[in-house]
Amino acid sequence: MPEGTGGTPPRTLAEALRTRGDDSLTALLRARPDLLNPVPNDLSQLATRAGTRASVVRALERLDRFTLQTAEALAVAPEPAPYDTLQALLTGDEGDARIERALPAAVGRLRDQALIWGGDTRLRLVRTARELLAPSPTHPSPTGLGPTVAEATAGMSPGRIQEILTAAWLPSTHDPVSAVAALTELFTDRTRMAALLDTAPMEALSVLDRLVWGPPYGEVTSSPTPPVQWLRDRGLLLPATTRTVVLPREVALHLRAGRAHRVVEPEAPSVAPRTSEPGSGARPQLVDSTAAGQAYTALATIEELAKDWNEGGPSVLRAGGLSVRDLKRTATALGVTEPLAAFWVELAYAAGLLAADGEADERYAPTPAYDEWEELPSPERWARLAVAWLTATRTAGLVGGQDSKGRTLAALGPDLDRGPAPEVRRRILDLLATLPEGTPPDPESLMARLRWERPLRGASAAGRPDDLRGRLAAWTLNEAELLGLTGRGALSTHARALLGALGGPAEGITTSPAGGITTSPAELAAAGLRAAEALRPLLPEPLDHVLLQADLTAVAPGPLLRPLAELLSVAAEVESTGGATVYRFTPASVRRALDAGQSATGLHDFLKAHSRTPVPQPLTYLVDDVARKHGHLRVGSANAYVRCDDEAVLDEIVADRRSQGMRLRRLAPTVLAAQADPSTLLDGLRAMGFAPAAESADGDVLITRAHAHRTPARTAPAPVPDGPPVPDATLLGAAVRAIRAGDLAATVVHKTVPEPAGSRSRARAVSASADGPATSPGRPGDLPRTTSAETLATVQAAAMTGSALWIGYVNAEGAASQRVIAPVRVEGGFVTAYDHTADEVRTYPLHRITGVAELADDTA
């Protein structure tokens with residue numbers, strides 16, 4: 001039975017909430033979690049909070065288009081409105097079966113979220129929602145309707161109203177109220193209105209046609225044209241200001257055949273497949289292989305980024321984030337555009353793999369978590385990235401844009417969080433999952449579906465388009481492709497596994513009614529493992545071999561095992577990447593390997609063991625030649641010195657004009673001293689074509705390795721929620737019990753102390769005690785007042801009989817409250833009782849109890 005149809009209709013939202021069951025209240029608090037902060041004392045406070053502007057705006061923003069259109073239609077209907085009136089505003093005179101089928105569910109959603117209340121014969125919109133949705137000159141309604149006749153004629157002279165009645169063939173009345181009622185009755189009568197409009201000039205009907213669907217206001221001159229004057233004389237246009245007229249709501253509804261909206265959308269538009277590619281929906285294997293290839297590329301890019309920042313990355317700007325120059329340099333190192341570099345940097349940051357080191361000269365660097373991530377199998381590493389992207393509120397697409405103050409938004413900066421991002425990402429993936437496997441969506445139909453689900457999120461407060469949600473959707477499609485969740489625009493098998501583990505796609509909104517993703521971290525981790533298992537057979541197995549060629553290159557036909565990949569990254573230069581990676585050996589790269597501690601023999605053995613082809617002779621000669629020169633010169637610190645057993649080599653260095661900047665001088669036939677530091681001396685000699693080796697203080701060859709700089713332990717940045725977090729079942733249950741108990745304390749029917757014959761009630765007699773005058777409980781919500789002796793006696797009796805009491809209590813801060821308690825023990829000036837309001841056993845000082853009253857028998 002609809003709410004309020006049985007018994008006395010509710011007079012307020014609070015009374016309507018009292019008729020609800022616990023499940024209904026739980027659903028309300030789950031859909032609107034802002035009502036729980038803090039937990040309301042009772043249902044009256046819950047109703048008040050549900051009617052505040054901020055809470056109503058948030059609730060309206062989460063309505064789909066048809067539910068919102070239902071609320072908009074109710075805002076222009078007379079209050080209270082019967083269900084049939086609301087249906088007529090949506091279906092019009094001709095009716096619409098689709099709207100009639102969808103309307104009960106829409107009304108149910110509005111009622112469940114406490115945006116409307118009352119039974120089907122007396123539907124009422126919450127006052128704040130009505131103020132937001134009803135037409136006004138400063139805030140036009142989406143319906144395009146204007147004010148009613150009564151509203152438009154407010155302040156009009158009685159004589160002018162009588163002139164309108166005469167021109168519209170209506171009898172005169174003796175007061176403005178009845179005149180307005182007669183005019184309203186005319187405009188709402190289909191037959192009489194049709195007869196009146198049949199007498200209108202064609203130009204006048206053209207004027208009405210321009211105003212009928214809104215905006216309903218039009219400008220007029222001091223000498224209006226005859227068609228406009230004809231409409232004004234009969235009240236079909238009423239003055240709004242001295243220069244404007246307005247089309248009354250009743251007239252517009254007649255011209256619209258009773259419809260409040262030009263187009264009503266009772267059903268969500270379906271996501272259509274993309275038809276531009278022949279056979280685009282018949283290649284799931286191709287989609288999976290493409291997505292897996294992109295997933296591998298994503299892992300390689302993150303590794304390349306960490307390698308580039310391994311010894312300490314770019315400096316942190318004073319305001320936070322990367323500078324434009326550092327982002328450009330990182331993009332060059334990764335071989336991508338700057339927007340893509342921003343995405344990869346933000347993804348690594350969201351996954352907790354990169355962070356600022358917190359030093360005085362703060363720089364970005366990999367975190368210790370990156371080393372742990374690097375040791376995981378490739379599918380699990382990808383799953384970590386996918387889960388981090390799905391739940392992150394940081395939005396890389398904003399990089400390079402400007403904030404509200406005109407400042408450029410920097411990658412890794414503090415202003416890139418957007419609360420709706422996780423919801424939009426999850427929703428897009430869910431919609432893609434509704435299509436057949438291997439089928440990409442039509443982008444326009446996808447955007448239309450998102451706009452239907454959250455229409456108010458696509459418009460700013462000023463009514464201008466705000467495309468943040470649309471931009472988030474476009475970025476999501478692009479980023480999902482980069483990350484390997486989609487391939488050729490279609491959802492991959494491993495992405496479907498991820499969504500399936502998170503609860504799978506649904507017909508409605510898969511996120512919570514309050515927005516955001518409600519999945520726990522443990523569930524996200526388990527879902528990531530499911531996705532990793534689905535991706536594992538799609539990724540190639542790491543190889544333990546390369547193909548060495550005579551042109552000093554090595555071809556890796558696939559991903560390499562980590563030891564082989566690490567050695568090649570040091571001993572050779574990457575020449576090209578793709579399905580196969582090509583490495584090129586150069587004298588500089590071989591010398592780099594020798595500087596890192598490799599020996600010529602070790603390099604020969606390693607290459608021979610990991611090559612499917614014979615080691616080419618030119619490569620053998622290159623390694624031997626560089627090794628023969630490597631360490632022939634020794635550089636130490638004296639500031640620096642150079643020593644060599646071959647005096648002719650030192651003579652050549654001293655005679656070379658390029659060495660003048662090093663300020664070399666001979667200390668001995670085999671030793672040169674330099675003013676430059678050892679690292680500068682090493683670089684200078686290598687630029688001259690020599691292959692010196694660094695020397696330790698003991699005279700040994702110094703092995704130089706890249707110093708891996710790591711930040712202290714850092715956690716991944718916490719997402720910034722789009723509103724209050726969704727409460728769990730335990731909190732919801734406790735909140736409902738507390739609200740019920742508080743409401744019982746505020747509205748409970750209590751016994752009054754009987755008044756002796758011929759005297760005033762003892763409960764209202766003046767007491768000589770410090771408690772002041774004692775009074776019996778009065779109106780609901782007033783604290784009970786009894787004397788100290790009466791309070792003690794009543795509490796002791798209740799403890800013996802096990803009955804419940806209604807008490808007034810003032811805490812140490814002076815805050816007063818009402819409670820329903822069941823006393824258990826009274827001793828030492830304290831009463832220990834079960835507090836129904838708090839749903840727990842508490843102890844109260846008797847001197848802080850203002851008074852007590854027994855509950856009525858039918859209530860107890």
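In what follows, residues are counted from 1 in the order of the sequence shown.
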### Query
What closest approach, in Å, do G352 and A369 show between heavy atoms, and which atom pair accounts for it?
O-CB, 3.7 Å
### Task
Take V424 and R418 through the test side-chain contact (heavy atoms from CB on, under 4.5 Å) and record every step on the way to the result.
CA-CA 11 Å; V424 173; R418 295 296 182 270; over 6 Å; no
When rounded to the nearest 0.5 angstrom, what distance separates [atom1] in [X] from [atom2] in [Y]?
X: E304; Y: T330; atom1: CD; atom2: OG1; result: 11.0 Å
X: T367; Y: L354; atom1: OG1; atom2: CG; result: 7.0 Å
X: D371; Y: E375; atom1: CG; atom2: CD; result: 8.0 Å

### Summary
Checking V399, T393, L398 against T395 for side-chain contact (heavy atoms from CB on, under 4.5 Å), the one that qualifies is L398
Sub-4.5 Å side-chain heavy-atom contact between [X] and [Y]:
X: R426; Y: L502; result: yes
X: V574; Y: T581; result: yes
X: R612; Y: V546; result: no
X: W309; Y: V345; result: yes
X: L567; Y: Q598; result: yes
X: L622; Y: P587; result: yes
X: V287; Y: T493; result: no

Keeping the roles fixed (side chain from [X], backbone from [Y]), state whether a donor-acceptor pair exists under 3.5 Å.
X: R530; Y: G500; answer: no
X: S589; Y: F585; answer: no
X: S445; Y: P441; answer: no
X: R584; Y: E575; answer: no
X: W382; Y: L483; answer: yes
X: R363; Y: G313; answer: yes
X: S270; Y: A268; answer: no
X: E61; Y: R454; answer: no
X: T711; Y: A356; answer: no
X: T486; Y: E481; answer: yes

### Query
When you check the gap from the basic side-chain N to the acidic O, do R686 and D595 get nearer than 4.0 Å?
yes
### Message
Any salt bridge linking R381 with E303? Criterion: basic side-chain nitrogen under 4.0 Å from a carboxylate oxygen.
### Response
yes
### Task
Please step through side-chain contact (heavy atoms from CB on, under 4.5 Å) for the pair W373 and E380, ending with a clear verdict.
CA-CA 9 Å; W373 176 82; E380 295 179 19; over 6 Å; no
### Task
List the steps and the verdict of side-chain contact (heavy atoms from CB on, under 4.5 Å) for F606 and L564.
CA-CA 9 Å; F606 193 88; L564 177 57; 3.5 Å; yes
#### Entry: Test log, rule salt bridge (charged side-chain N to carboxylate O under 4.0 Å, His left out), inputs R274 and E444
CA-CA 10 Å; R274 191 168 63 204; E444 287 301 322; over 6 Å; no
### Greater than 12 external heavy atoms within 6.0 Å of R384's CZ
no
### Task
Quick one: do R329 and D308 satisfy salt bridge (charged side-chain N to carboxylate O under 4.0 Å, His left out)? Show the steps, please.
CA-CA 10 Å; R329 190 197 64 78; D308 186 52; 3.2 Å; yes
### Query
Do we get R425 above W389's six-membered ring, with its NZ or CZ under 6.0 Å from the centre and within 45° of the axis?
yes
### Query
Going through the checks in order, is the side-chain contact (heavy atoms from CB on, under 4.5 Å) test met by E423 and R62?
CA-CA 12 Å; E423 178 193 355; R62 304 218 171 260; 3.4 Å; yes
